[in-house]
Every structure is written in C-alpha cells, then in structure tokens.
Amino acid sequence: MSPVWSLGAGLLLLLLWVRHRGLEAVLVHHRWVFVCLFLLPLSILFDVYYQLRAWAVWRLHSAPRQHGQRVRHIQAQVREWKNEGSKRYMCTGRPGWLTVSLRVGKYKKIHKNIMINLMDVLEVDSERQIVRVEPLVSMGQLTAHLNPMGWTIPVVPELDDLTVGGLIMGTGIESSSHIYGLFQHTCVAYELVLADGSLVRCSPTENSDLFYAVPWSCGTLGFLVAAEIKMIPAKKYVRIHYEPVRGLQKICEKFTEESKKKENSFVEGLVYSLEEAVIMTGVLTDEAEQSKINRIGNYYKPWFFKHVEKYLKADRTGIEYIPSRHYYHRHTRSIFWELQDIIPFGNNPIFRYLFGWMVPPKISLLKLTQGEAIRKLYEQHHVVQDMLVPMKSLEKSIQTFHVDLNVYPLWLCPFILPNNPGMVHPKGDEAELYVDIGAYGEPKRKQFEARASMRQMEKFVRSVHGFQMLYADCYMTREEFWDMFDGSLYHKLREQMNCKDAFPEVYDKICKAARH
C-alpha cells in the first residue's frame, strides 16, 4: 500500500472515531489528538512567518523608518475615537487569543479597538547599552536578535512568545531578577499615545510619575508604542549547579541564602513535593568543560523540569554548561510543565526524536481552539498562578500552597523589589527580597473549588504584603484588589490625563468579578 493510501486510510479511521466519540468529547478527553495533528503544524507555520518577517524588516531597515508612520496612525485612530464622542472605552485591537495569558478577555468585543501593528526591534545602541523596541517584540525574537551581536537583556522572561508590551503593562520575571528586579526595572523609558492622542516619552527624569505608573496598569493609562531596555554583554554559557534539598525548612534556608548572593547570575528552585526540591544556581561564562555541555534546548532533549528531577531522584549534585539562549528558554518546550497535561507522552524519547521539533504548540492557538467546554474544565480543575511574596514568608507560603492547592512542581524565582513609586513596592522604605511562587497544573486537593480556593490564596498573599500577577484569574473584590496594590499614583494620573472615559480601570479589565 502506498504512503498516500496509508495516510488516507488513517485519516478516514480518525474521522470515524471522532464521529463516534463526538468532537467535543475528543477535544476534552483526547486533546492531544487535535494538538498533534493540527496545532503543532500550525504553530510551526506561525513561527516561520514571524521569523522571516523579522529578518526581512531588519535587513531592509524598514522598522525605524516606518515606526513614526505607524505611531501617527495610532494617534489618528485615538483622535477619531474622540471625534466620535468618546462613547466607548478603547483597547488594543490585538485579538484576545493571541495573548499568552490564559484569561479570555471579552471586553474587546464592546470596546473601540485601536490597531497597533508594532512588532519590530528599532535600534540597538551599543554605546548607551540600550535596545529600543516596539511593544509586540517577543522574548524569542529579541534574544535571537541580540545574542549574535554579543548582547542580551538583564531579565529574559521564560517563554518565547511573551511580548515586551505584556511584560511592561503586566510584569515579567526571570532567575536573574534577584539582581535586576522585575522586567519593568530594566526599562529606562517608555513612549505612549495618551487618551488625547498625544505622544509622550517618560523616564525616571522625564514625566516620572507616568513612568512609574505604567507597569502593572494593563494598558489603562495609554497605548505603549516603544520601550527602551538596558542591555548587558552576553556570554556563551551558563554554568549550572544542581543541588537537591530535602526538608521544607532547609529548602527555604538554602534558597534564601543563594538568592542573596550577587555572584550568582541566576537562582531558581523547583519544588517537587512539600519536602523535596532542587535549587539551581548559575553563572555566566565563556568557558565550558566540553564533556559537561548540555544543549537542553535541542528538540530531542528531555524537558528541563524532568531533567532536573533526575538529580533529586539520584540524590546527587551536578554541574552542567548550558548555552545561554538555551538556558533563557529552558522551560519553553514544555511550557514549564503544562504540556504534560496536553500531550501526556510528550517527554517520551520516541515522540521527542520524531516530533519534538514541532513542540510547543502556540499558547495562542491553544486558547483559540479550546472551546467553551475545555475553558470551563480548565477554569474549575486547573491552576495557573504566580504569587509574589516576601522571601521571609517563603516557608509559610509553600505550606499554604500545599494546603489550598497541592500542585507540584512549584516554581521558585527570587527578585529584588525596589521601593519605587507605583502599584507594586515593598511595605517598608527599603528594597526587599521577594520570591515568585508559580503554581501550574491540576490541584490535587480533594475539596478544591476554584473560586473559594483562590480567594483563600489571595487573602493569604495580601496578609503577607504580597502581590498576584495579573495575567491569571483574579477573584478579589475591588476593595481587596486595592488593598493588595497601591493605587494612589495610578488613580491620580487617570484623573489628570482624562483616562476615566478612555480606558477601563485595571480592576475592571482583569478581575473575574468585573470582567466583561
């Protein structure tokens, strides 16, 4: 039988099986079939298109030349909205399914959509060590652009598809954040189109109130059209030291100790149970022991969190040298550990060698095709949350996560939080060491109920003066939300810049109770 006939027979059998089981049942209980056959090939086409486009734009030097024209088009759309009577709130015209957040924002159907086609690297200034980019530039695109030039940015949030705009208007973090802070703290200037259509540049010395109010505002103060980000010299490898630690108290002590050491370029923890974790520290280097180089980003390699777990199971420490760009995107192929729930056999060596080059499926395509049944299933039986808590509350926080969620692994990422104005800052007058605790997966708690359990978590985070990342489902009331976040500067600027008729309040845009 020819390959064509074999393929045709296979597809026919698949269609008959889908018809027998029902499309919705297949999408809910056997989602891997749809993901492997359709979403993985589509994801490859997406990647190829955007990579070719980025290459062509840079080679033709069209990005800097067209940036001003594109910004003027955004200003014209805002002025048109004003001339129409400012009857509806404005929002970006980017479809909600294209964002990395799992939340489905329905407000785009009723708000005035402003089209913002800004996805290019504009300038690399080696003298000032600054890169100027448009808001839709992704982390994968930026590191691919800078690394061959010998540069990188201080904080490279993990997933390839995270955009500069999302990381500024929301937030971003990486295992270097114990030195550099959150993504917003590596930015030196923003350019925004405001509610009156004007173009404004802000920095710590120019329109400083706006500069400090933009992060975490979720696009409710203006439209970001460009950002300037610090650069640092890139090195070839990251020397990683893996250390398994047992006992919750020892885990917290070791993680805190390593997070305070500035000689560590990177610090990260993966907690596999209440009493077991692997603490990783990394140092940038240009030299490597050839026998210890691990190109973990290659498609046939084991998923990173599974690779790390081997050190825990073997109860041994280890040292490896990972190419820098592979390290920056080490969790991308498995979307941390979310992909194991979508493709259960995805880390199997046979699958990796045959189909690993197509992994991961685009999160945006997963959202677009999930359907109402899967969305409700995920909402009630799946957690994707990042809670930022003071390092001194780490042990109590992990215990709370265990009781309320019981989701493992947990991701630990330390960061220094400076006492800057804005929505997020320490309680005291000095910078403070915080930690991001990331919970992604299906809660094993028997009585888990999404709303009640998450409200309990949010209450705990507020009690220790912590913060919830706003990409995730938020169940707080308005009063609880503004108890967690400092809204003084934010509300002052919304009043001064006439934002109240132009953009919804950040709470109304992201919170479960208020979302349209």
Side-chain angles (χ1 to χ4, degrees), residues 158 173 175 177-178 240-261 264 266-282 302-320 330-331 334-341 344 347 381-415 433-448 453-454 456-461 463-464 466 468-469:
E158 176 56 44
I173 192 170
S175 53
S177 289
H178 66 296
I240 293 289
H241 178 260
Y242 303 90
E243 182 170 348
V245 184
R246 286 179 166 79
L248 181 57
Q249 184 178 348
K250 289 182 179 179
I251 291 169
C252 296
E253 288 174 354
K254 181 65 176 176
F255 186 77
T256 303
E257 175 190 341
E258 297 296 342
S259 300
K260 290 179 179 179
K261 294 179 180 177
N264 288 328
F266 306 97
V267 179
E268 175 182 25
L270 294 185
V271 182
Y272 290 92
S273 74
L274 185 61
E275 302 290 335
E276 296 177 310
V278 177
I279 308 299
M280 289 159 280
T281 56
W303 291 344
F304 184 70
F305 79 98
K306 287 293 188 183
H307 172 68
V308 173
E309 192 176 17
K310 292 178 182 177
Y311 291 95
L312 182 66
K313 290 181 176 179
D315 196 24
R316 64 178 178 88
T317 61
I319 291 175
E320 288 184 329
R330 62 200 178 281
H331 291 296
S334 57
I335 317 178
F336 282 86
W337 30 94
E338 288 279 72
L339 198 57
Q340 67 181 350
D341 292 332
N347 194 49
H381 304 287
H382 199 86
V383 166
V384 180
Q385 291 282 348
D386 283 86
M387 298 295 189
L388 316 181
V389 298
M391 186 67 78
K392 61 190 177 186
S393 302
L394 177 58
E395 183 173 351
K396 187 178 179 182
S397 299
I398 292 177
Q399 289 171 334
T400 302
F401 269 70
H402 179 77
V403 171
D404 291 342
L405 302 179
N406 196 9
V407 170
Y408 292 100
L410 293 175
W411 188 55
L412 303 184
C413 185
F415 68 99
L433 191 61
Y434 271 62
V435 57
D436 173 9
I437 305 178
Y440 324 119
E442 183 179 347
K444 299 299 189 291
R445 182 192 173 194
K446 292 182 180 179
Q447 290 82 30
F448 177 79
S453 297
M454 288 315 307
Q456 189 68 22
M457 286 292 305
E458 291 165 348
K459 181 180 179 181
F460 167 77
V461 172
S463 74
V464 297
Q468 179 182 26
M469 281 198 185

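Given the structure is predicted, the values throughout are model-derived calculations rather than measurements.
- When all heavy atoms of G269 and F255 are compared, the closest pair comes out as N-CE1, 3.6 Å.
- Relative ring orientation between Y408 and H402 is described as tilted, the plane-to-plane angle lying within the 30° to 60° band.
- Between the OG1 atom of T317 and the CD1 atom of I279 there is a distance of 13.5 Å, given to the nearest 0.5 Å.
- Taking the six-membered ring for Trp and the full ring otherwise, Y434 and F415 have centroids separated by under 6.0 Å.
- Contact check for V278 versus E309: no side-chain heavy atoms found under the 4.5 Å cut-off.
- Under a 3.5 Å cut-off, the side chain of D386 and the backbone N or O of D436 do not form any donor-acceptor pair.
- Using a 4.5 Å cut-off on side-chain heavy atoms (C-beta onward), R445 and S453 make contact.
- Residues F401 and V271 fail the side-chain proximity criterion, which asks for heavy atoms closer than 4.5 Å.
- K250 NZ to E275 CD: the interatomic distance, rounded to the nearest 0.5 Å, is 10.5 Å.
- A donor and an acceptor atom, one from each side chain of E338 and H382, are located under 3.5 Å apart.
- Heavy-atom minimum distance, V389 versus S397: CG2-OG, 3.5 Å.
- Ring geometry for Y242 against F304 counts as tilted: the plane angle lies between 30° and 60°, on a 0 to 90° scale.
- Contact record, S259 with V267: OG-CG1, 3.7 Å, taken as the closest heavy-atom pair.
- Within the 4.5 Å cutoff, the side chain of L433 has heavy atoms near those of the K260 side chain.
- Taking the six-membered ring for Trp and thresholds of 30 and 60 degrees, W337 and H331 have ring planes more than 60 degrees apart, a perpendicular arrangement.
- Atom SG of C252 is separated from atom CG of L412 by 8.0 Å, given to the nearest 0.5 angstrom.
- Between F266 and I240 there is no side-chain heavy-atom pair separated by less than 4.5 Å.
- Minimum heavy-atom separation, H241 to E243: CE1-OE1, 3.5 Å.
- Between H307 and E320, the side chains place a donor N or O and an acceptor N or O closer than 3.5 Å (distance only, hydrogens not considered).
- Rounded to the nearest 0.5 angstrom, K459 NZ and D404 CG are separated by 11.0 Å.
- Here the closest heavy-atom approach between residue N347 and residue P302 is recorded as OD1-CA, 3.5 Å.
- E253 is linked by a side-chain contact (heavy atoms from CB on, under 4.5 Å) to Q249, counting only residues two or more places apart in sequence or in another chain.
- The side-chain heavy atoms of M469 and I173, taken from C-beta on, include a pair separated by under 4.5 Å.
- For the side chain to side chain contact (heavy atoms under 4.5 Å, CB included) with E276, the lone residue among L312, V245, L248 that qualifies is L312.
- Separation of atoms CD (Q385) and CG (L410) is listed at 12.5 Å; rounding is to 0.5 Å.
- Listed by chain and number, the residues in a salt bridge (charged side-chain N to carboxylate O under 4.0 Å, His left out) with K392 are E432 (sequence neighbours excluded).
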Is there a side chain to side chain contact (heavy atoms under 4.5 Å, CB included) between F460 and K396 once you walk through the steps? CA-CA 10 Å; F460 167 77; K396 187 178 179 182; 3.8 Å; yes

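- Under the ring-ring contact (aromatic ring centres under 6.0 Å, His included) rule, Y440 has a single partner from F336, F305, W411, which is F336.
- Residues M280 and S175 are not in side-chain contact: their nearest non-hydrogen atoms beyond the backbone lie 4.5 Å or more apart.
- E395 is listed as a side-chain neighbour of Q399, based on a closest heavy-atom distance under 4.5 Å.
- In terms of heavy-atom proximity, R316 sits nearest to P244 at O-CD, 3.3 Å.
- With hydrogens and angles disregarded, no donor-acceptor distance shorter than 3.5 Å links the side chain of K446 to the backbone of K444.
- For the atom pair CG (N406) and OG (S273), the distance works out to 10.0 Å, reported to the nearest 0.5 Å.
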